[in-house]
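This report concerns only the one structure given below.
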Amino acid sequence: MEAQPVQGMPQSHRRQVNDRTSTSIARGVLMMTGSGLSNQIGAGIGAHAFPIIGPAGVVAVRQLVAAAVLLPIARPAFHRFTWQQWWPILLLGAATALMNICLYVAIDRIGLGLAVTLEFLGPLAVALLSSRSRWDLVCGVSAGLGVYVLVMPGPSSDFAGVAVAVAAAVCWAAYILLNRVAGERLPGLQAPAAGTLVSLVFYLPVAGYLLAHGALTPPALVYAVAAGVLCSVVPYAADLVALRHVPAGFFGVFMSINPILAALSGTVVLGQILVLHEWLGMGVIVATNTVAIWLAGRRSQTAAAKEAREHSSVSHGL
């Protein structure tokens, strides 16, 4: 028997379906909010270890924690990987390693809120490059304006810190594209787990140096491990649950709130107070990112609907 459409259901049944949908979305929003807060608070906590082991040391411990969690879950079969599977994994690991160190160096130089906001130019660029419509051009101009207002170039501006944050954005864009390719060639969670292990390899010399010089003191380890758990383990689990309750497009749009969460975390955890122009620039970039991802989602839905209609027409014509 075919399922009865929602429109044809009795009012009581329809109300139950709507209630379940609302509850599911609410759970998804709660999970996404928790994921964002955990990620940004973890980054703030990790920054407390910078004076002891530096950004590279924090990233090394964070990658070790992420690998310790992901590898037992995914159990990637490395010995069966072909070169077509290996090359995106190797590049993914390199992009992850460079993205994390750039972000943490930027946090150390220009603060958590600014660094995370500029890093979000990465997914924005991916969304804009998927099409070249006039709305994408408007979003691009808007993002540029937001960056200018956020940074407000002047003699006291830390242009090196801004450049490192933009480099993190470039790496994030590469991470998104490479993750997509690797995910298509490997089942389950093998791609992110293998990429995490590759990125960890880049930081083993850092960990070895810190151990040899006795820099991994208990306070530094506590801060760094907390950053690893809050920035990797908790967001991974929360995002996985959230995607069971909300559409992927909504997930992407909602995640644009992360720069604001980062600014709040920077204020509470690190005492980094943003001035008015920084809040304005951040707001412009967040709004632009939200619109761009929403437009990209609409284009994907339109393309999928068109493909389905064409497939239906061909099937009926056979």
Side-chain angles (χ1 to χ4, degrees), residues 28 31-32 34-36 38-39 42-43 46 55-104 119 122-123 126 167-211 216 221 224-246 248 251-252 255 258:
M31 288 293 104
M32 290 186 292
S35 170
S38 177
N39 204 354
V58 175
V59 175
V61 176
R62 172 181 167 175
Q63 291 303 107
L64 180 61
V65 172
V69 172
L70 279 175
L71 288 173
I73 295 175
R75 297 181 181 179
F78 294 108
H79 62 286
R80 296 180 181 175
F81 286 7
T82 65
W83 175 244
Q84 291 299 314
Q85 295 170 324
W86 264 119
W87 75 258
I89 290 297
L90 294 174
L91 292 178
L92 178 64
T96 302
L98 190 57
M99 175 180 67
N100 286 331
I101 189 60
C102 285
L103 175 62
Y104 276 68
E119 189 194 28
V126 173
V170 173
C171 292
W172 194 359
Y175 170 87
I176 293 170
L177 298 175
L178 290 166
N179 216 357
R180 187 179 301 165
V181 174
E184 292 173 350
R185 299 181 182 183
L186 288 168
L189 299 173
Q190 291 192 39
T196 299
L197 181 62
V198 172
S199 66
L200 175 61
V201 171
F202 287 95
Y203 288 99
L204 288 179
V206 175
Y209 176 85
L210 293 174
L211 280 172
L216 288 175
L221 275 176
V225 170
V229 172
L230 293 174
C231 295
S232 300
V233 180
V234 174
Y236 164 74
D239 291 348
L240 198 64
V241 174
L243 285 168
R244 295 174 181 171
H245 295 282
V246 300
F251 178 88
M255 283 293 101
N258 267 280

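Here the structure is a predicted model, which is why all the values come from computation and not from measurement.
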* **Considering all heavy atoms, the nearest L71-L197 contact** => CD1-CD1, 3.9 Å
* Structure fact -> CG (L90) and CH2 (W83) are apart, to the nearest 0.5 Å, by 5.5 Å
* To do: Supply the atom-to-atom distance L70 CG to T196 OG1, rounded to the nearest 0.5 angstrom.
  => 5.0 Å
* To do: Verify side chain to side chain contact (heavy atoms under 4.5 Å, CB included) between Q63 and V206, making sure each step is shown before the conclusion.
  => CA-CA 12 Å; Q63 291 303 107; V206 175; over 6 Å; no
* Search all heavy atoms of S38 against all heavy atoms of P235 and return the closest pair with its distance. => OG-CD, 4.0 Å
* Asked: For the atom pair CG (N258) and CE (M32), what is the distance rounded to the nearest 0.5 Å?
  -> 11.0 Å
* Might you point out which heavy atoms bring C231 and A43 nearest each other, and give the distance in Å? => SG-N, 3.3 Å
* Structure fact -> side chain to side chain contact (heavy atoms under 4.5 Å, CB included) with Y203: of L64, I101, V61, only one passes, and it is I101
* Which heavy atom in M99 sits nearest to a heavy atom in C171, and how many Å separate them? -> CB-CB, 3.5 Å
* Nearest atoms (heavy-atom pairs only) where S232 meets R62 -> OG-NE, 3.5 Å
* Quick check: are there more than 12 heavy atoms from other residues, nucleotides or ligands sitting under 6.0 Å from CZ of F78? -> yes
* To do: Supply the atom-to-atom distance N179 CG to E184 CD, rounded to the nearest 0.5 angstrom.
  => 10.5 Å
* Find the distance between CH2 (W87) and CG (L92) and round it off to the nearest 0.5 Å. => 10.5 Å
* Asked: Where is the tightest heavy-atom contact between A227 and G42, given as atom of each residue plus distance?
  -> CB-O, 3.4 Å
* Determine yes or no for a side-chain-to-main-chain donor-acceptor pair under 3.5 angstrom, with S35 supplying the side chain and M31 the backbone. => no
* To do: Check whether any side-chain N or O of N100 sits under 3.5 Å from a backbone N or O of T96 as a donor-acceptor pair, and report yes or no.
  => yes
* Between CD1 on residue I89 and CZ on residue R185, distance to nearest 0.5 Å -> 10.0 Å
